[in-house]
Participant: 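Here it is, the structure, as structure tokens.
Throughout, protein chains are lettered first and strands after them, A, B, ... in sequence-line order, and every chain is numbered starting at 1. Everything numeric here is computed off the predicted structure, so don't read it as measured data.
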2 protein chains.
Amino acid sequence: MKNGRRRGRTGTGAGRGDGSRIAILQTARELFARRGFRGTSLASIADAVELSQPGVLHHFPSKTELLLAVLRQRDTEDGRLASSLRTREGIDLIRALGGLVAHNQASPEIVRFFTVLTSEALADDHPAHDYFVDRYRQIRARIERNLRRGQESGEVRCDADLEAIAPIVVAVMDGLQLQWLLDRDVDVLRSYDVFARMLIQYLEQGSAAEL
Amino acid sequence: MKNGRRRGRTGTGAGRGDGSRIAILQTARELFARRGFRGTSLASIADAVELSQPGVLHHFPSKTELLLAVLRQRDTEDGRLASSLRTREGIDLIRALGGLVAHNQASPEIVRFFTVLTSEALADDHPAHDYFVDRYRQIRARIERNLRRGQESGEVRCDADLEAIAPIVVAVMDGLQLQWLLDRDVDVLRSYDVFARMLIQYLEQGSAAEL
DNA sequence: GTCTATATGAGGATAGAC
DNA sequence: GTCTATCCTCATATAGAC
């Protein structure tokens with residue numbers, strides 16, 4: 001008794017149509033978040049969406065393509081979120097990222113998805129390797145750019161090393177969330193707030209705004 | 001032609017004795033660092049040390065036990081390093097951790113080992129899950145404790161929230177190293193130095209030492 | 001669109017010879 | 001201490017029926 005599924009349909013081929021595709025994408029994201037890409041079998045995804053394993057591969061030509069589809073989907077969904085950050089410049093960006101951290105507290109699965117997959121994708125033959133290299137470059141570049149606008153407006157001290165600061169901001173968010181995923185007692189929001197205070201104070205020193 | 005090994009020995013059972021055990025531990029650490037625990041096969045380890053796969057299992061009863069042995073070994077080796085940090089208190093600890101970051105730049109494999117395995121071990125059924133939960137608790141506790149000594153000596157402002165700061169310090173180190181592993185252009189040392197300046201300035205504000 | 005059946009291969013672990 | 005041979009399970013992917 002290996003195949004423990006019990007679909008009500010009689011195999012006429014009616015199916016769920018597009019609904020299956022959507023269900024597969026969501027379930028794949030959840031399971032990839034738990035066990036990584038390599039650690040997740042197509043069969044486990046199939047079970048969760050109540051399809052056979054080849055049923056899953058009907059919608060995506062391969063497991064790798066499924067992962068890439070999940071990443072593309074998240075990109076479009078995150079597009080809205082990212083664009084709401086686009087206009088936040090200088091000190092305001094640091095506070096806005098606190099809002100993102102707060103928002104993430106409600107979505108441990110998404111946080112875990114990116115945490116687990118980023119580490120797995122350190123291997124340069126991982127299907128998502130290039131994706132994550134690019135992702136981090138873009139995030140750092142955006143933070144640096146928006147902080148620089150604050151510098152140009154005189155809000156941020158002109159001698160702040162923004163190229164060094166952008167990776168720090170990313171590191172704090174990632175690193176705190178990693179600790180939180182491992183141990184929910186870690187208070188990400190409290191720590192981020194202390195960091196933000198520290199950073200803002202540093203950025204404002206000697207700025208035109210301070211005078 | 002599947003088994004691509006060509007040992008010179010004739011199978012008399014002489015072997016390398018203890019040398020094999022050592023070689024297995026080191027190779028396992030390297031491969032776990034690259035592909036994680038789940039992503040590494042015993043066969044790949046066996047190939048690298050020029051043993052058969054059952055030959056590897058002669059030294060460790062299972063793959064899980066091999067991982068735990070690797071972790072135990074790192075703990076004893078890191079013991080020396082950790083004890084050199086034990087006496088660094090207050091502001092001095094923040095600078096000493098910069099030395100650790102610098103030291104890590106020469107050992108990407110070790111950094112990657114911990115990065116990859118920590119994320120993989122987020123799964124609560126992972127063989128190293130408890131190990132990493134404990135590890136992070138201990139690291140945070142030690143940082144908090146050593147900063148508190150600086151507080152007691154008056155070097156660090158007394159209203160600093162050390163329970164919030166300890167996770168930040170860990171996050172910055174982990175997060176910067178993750179970005180560096182993904183993209184060697186990231187300048188971990190430069191970013192850590194900026195962070196350290198920022199944090200030290202924050203900690204010194206309103207301290208007795210400042211007066 | 002979904003299934004069953006199957007090809008093909010990899011992985012962990014064990015038995016038993018030398 | 002190490003090997004060969006083997007077992008069993010699991011995984012991805014494909015072929016072809018309905």
Participant: For residues Arg140(A) and Asp183(B), determine if any side-chain heavy atom of one lies less than 4.5 Å from a side-chain heavy atom of the other.
Facilitator: yes

Participant: Within this structure, what is the CZ-to-P distance between Phe60(B) and dG12(C), rounded to whole angstrom?
Facilitator: 15 Å

Participant: Mind checking whether Phe132(B) and Phe114(B) have parallel, tilted or perpendicular rings, split at 30° and 60°?
Facilitator: perpendicular

Participant: Report yes if a side-chain nitrogen or oxygen of His58(A) is closer than 4.0 Å to either non-bridging phosphate oxygen (OP1 or OP2) of dG1(C); otherwise report no.
Facilitator: yes

Participant: Do Glu30(A) and Gln26(A) meet the criterion of a side-chain donor-acceptor pair at a distance under 3.5 Å?
Facilitator: yes

Participant: Check every strand shown and say whether Thr40(A) touches a base, only sugar-phosphate, or nothing at a heavy-atom separation below 4.0 Å.
Facilitator: sugar-phosphate

Participant: For Arg35(A) and Asp125(B), what are the C-alpha separation, side-chain angles and deciding distance, and is it a salt bridge (charged side-chain N to carboxylate O under 4.0 Å, His left out)?
Facilitator: CA-CA 10 Å; Arg35(A) 319 262 304 169; Asp125(B) 64 341; 2.9 Å; yes

Participant: Once you round it to whole Å, what is the distance between P of dA7(C) and CG of Leu57(A)?
Facilitator: 18 Å

Participant: Quickly work out the His59(A) NE2 to dA13(D) P distance and round it to whole Å.
Facilitator: 16 Å

Participant: Counting any heavy atom closer than 4.0 Å, what does Leu42(B) reach on the DNA or RNA strands: base, sugar-phosphate only, or nothing?
Facilitator: sugar-phosphate

Participant: Rounded to whole Å, how long is the line connecting atom CG of Leu66(B) with atom P of dG12(C)?
Facilitator: 10 Å

Participant: Can you measure Arg21(B) atom CZ to dT2(D) atom P for me and round it to whole angstrom units?
Facilitator: 12 Å

Participant: If the cut-off is 4.0 Å, is Ser41(A) near the phosphate of dC10(D), judged by side-chain N/O to OP1 or OP2?
Facilitator: no

Participant: Output the rounded distance in Å from CZ (Arg38(B)) to C1' (dA10(C)).
Facilitator: 17 Å

Participant: How many whole angstroms separate atom CD1 of Ile45(B) from atom P of dA10(C)?
Facilitator: 17 Å

Participant: Just to confirm, is there a sub-4.0 Å distance from OP1 or OP2 of dG1(C) to any side-chain nitrogen or oxygen of Ser20(A)?
Facilitator: no

Participant: Checking side-chain polar atoms at under 3.5 Å, does Asp187(B) have a donor or acceptor matched by the opposite partner on Tyr192(B)?
Facilitator: no

Participant: Whole-Å distance between dA10(C) P and Asp47(B) CG?
Facilitator: 12 Å

Participant: Please evaluate the base of dA13(D) for a donor-acceptor partner in the side chain of Gln53(A) within a cut-off of under 3.5 Å?
Facilitator: yes

